[in-house]
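Here is the structure we will look at, set down as structure tokens.
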Amino acid sequence: MKIPLHETFNFKAAITDYGWWMLSPNDWHDEECLFYRPIRLSRDRNLLLCISKHSNHLMINTETEMSLDHNDMKEIKDQVSWMFRLQDSFEPFYALCHDHEELLHIPANRKGRLLRSPSLFEDVVKVILTTNTRWKQTMNMVSNLVNGLGESVKANHQNEFKTFPTPERVLEAGESYLKEHVRVGYRSAYIIDAATKALDPVFDLESYKVLDSDITKLKEIKGVGPYAFNTLAMILGKYDLLPVDSEYKAHVIKKYFNGKKPTKQKLESVYDKWGSYKFLAYWYDIYS
DNA sequence: TTCCAGGTCCCTA
DNA sequence: TAGGGACATGGA
């Protein structure tokens, strides 16, 4: 099936400009420019997608033998559209880039559309698993989570794929499982809290994916502090906040303050001129 | 062995 | 409102 594109974009950059492509159950094949991703449909069905980009559309091939009706296809398209931010226009950001020579390469290469996960629950868990640890350990924890609690997906593919676990499955396994087998340490309580809030009809975690919803309640999730919240804001399409962590501080102090530590206020105002797009300006400043 | 990583929580003052 | 210790894990 095809998804027509309102705006063309750099498919490879959309996937590899943010680290999520390295986390299970995402599987990026760089040479062929193919993105494999197992997803979950309603009525407890799982399938493997293979996504590629053509001139004016995304092509989605299903690698799982399953009859799909109209609603199934809509669910698939909705999840893929969310992952690649297809409903969002990046033209306002590109217009801003044109006033700044150092960022001209972003519109020139149609970058900025950073990959996100099908569910907000998955992204909350993944962001929590990036805190106070090294990237390699983040990859291990996510891999343990998917291998331990994800469901196997039947597919015409040499690799075995598992889905990202549902909040139900995480709660069923419990906190002790997360500690002993996923090796997330003290983060276990945070993940349990995220799963609980994902299933709480009042909190309704996934509802914050709606554009322009008030996302401040995400701060109530245990383990979501300033860095995690600002990262989640970016994931939800609000780019005006900065993920001030050790990487941010090291980069900014080295590049803009001659290696000398400035005040907190000055440290965090480096990208102010970018207004609504501070996160993306920072991101392409540090990683390009 | 000790330190600390793409932080956050919680308790003091 | 700000400061600082504790927190699990695993690699250097």
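Chain letters run A, B, ... following the sequence lines, proteins first and then strands; every chain starts at 1. No experiment lies behind these values; they were computed from the predicted model shown.
A salt bridge is defined here as a Lys NZ or Arg NE, NH1 or NH2 lying under 4.0 Å from an Asp or Glu carboxylate O, and A/R113 with A/E7 meets this definition. Using a cut-off of 4.0 Å between Lys/Arg side-chain N and Asp/Glu carboxylate O, A/K249 and A/D245 are scored as not salt-bridged. In this structure, A/R40 pairs ionically with A/E151, as a charged nitrogen and a carboxylate oxygen lie closer than 4.0 Å. Taking 4.0 Å as the cut-off between side-chain N and carboxylate O, A/D30 and A/K12 count as a salt-bridged pair. Between A/R110 and A/E91 there is a salt bridge, since at least one side-chain N of the basic residue sits less than 4.0 Å from a carboxylate O of the acidic one.
With a 4.5 Å cut-off between side-chain heavy atoms of Ile, Leu, Val, Met, Phe, Trp and Tyr, the cluster of A/L34 takes in A/Y36, A/L48, A/V153, A/F161.
A distance of 12.0 Å separates NE2 of A/H54 from CD1 of A/I3, quoted to the nearest 0.5 Å. Taken from CG in A/L86 to NE2 in A/H57, the straight-line distance is 12.5 Å, to the nearest 0.5 Å. Rounding to the nearest 0.5 Å gives a distance of 11.0 Å between CD1 of A/I128 and CE of A/M141.
Where DNA chain C meets chain A (any atom under 4.0 Å from a heavy atom), the bounding nucleotides read 5' to 3' are C/dC7 to C/dG10. Contacts between chain A and DNA chain B, taken as any atom within less than 4.0 angstrom of a protein heavy atom, begin and end at B/dC4 to B/dC9.
Side-chain atoms of A/N46 and A/T163 form no donor-acceptor pair, as typed in the model, at a separation below 3.5 Å. Side chains of A/Y227 and A/T130: a donor-acceptor N/O pair is present below 3.5 angstrom, by distance only.
Scanning both residues, A/W20 and A/D123, for their nearest heavy atoms gives NE1-OD1, 2.5 Å.
Nucleotides B/dG6 and C/dG3, compared at atom C1', are 23 Å apart to the nearest Å. Only the P atoms considered, B/dC11 is 15 Å distant from C/dA8, to the nearest whole Å.
Ring geometry for A/W274 versus A/H100: interplanar angle of 30 to 60°, hence tilted.
The stretch residues 248-266 of chain A has no heavy atom under 4.0 angstrom from DNA chain B at all. Scanning residues 130-144 of chain A for heavy-atom distances under 4.0 Å to DNA chain C yields A/N132, A/R134, A/Q137. Using a 4.0 Å cut-off on heavy atoms, the residues of residues 276-285 of chain A that approach DNA chain B are A/W283, listed by number.
A side chain to side chain contact (heavy atoms under 4.5 Å, CB included) with A/V142 is found for one member of A/V125, A/V184, A/L23, A/N147 and no other, namely A/L23.
Remark: side-chain polar atoms of A/E206 are paired, donor with acceptor, to backbone N or O of A/L120 under 3.5 angstrom.
Across all strands, A/V184 comes closer than 4.0 Å to no nucleic acid atom at all (heavy-atom distances).
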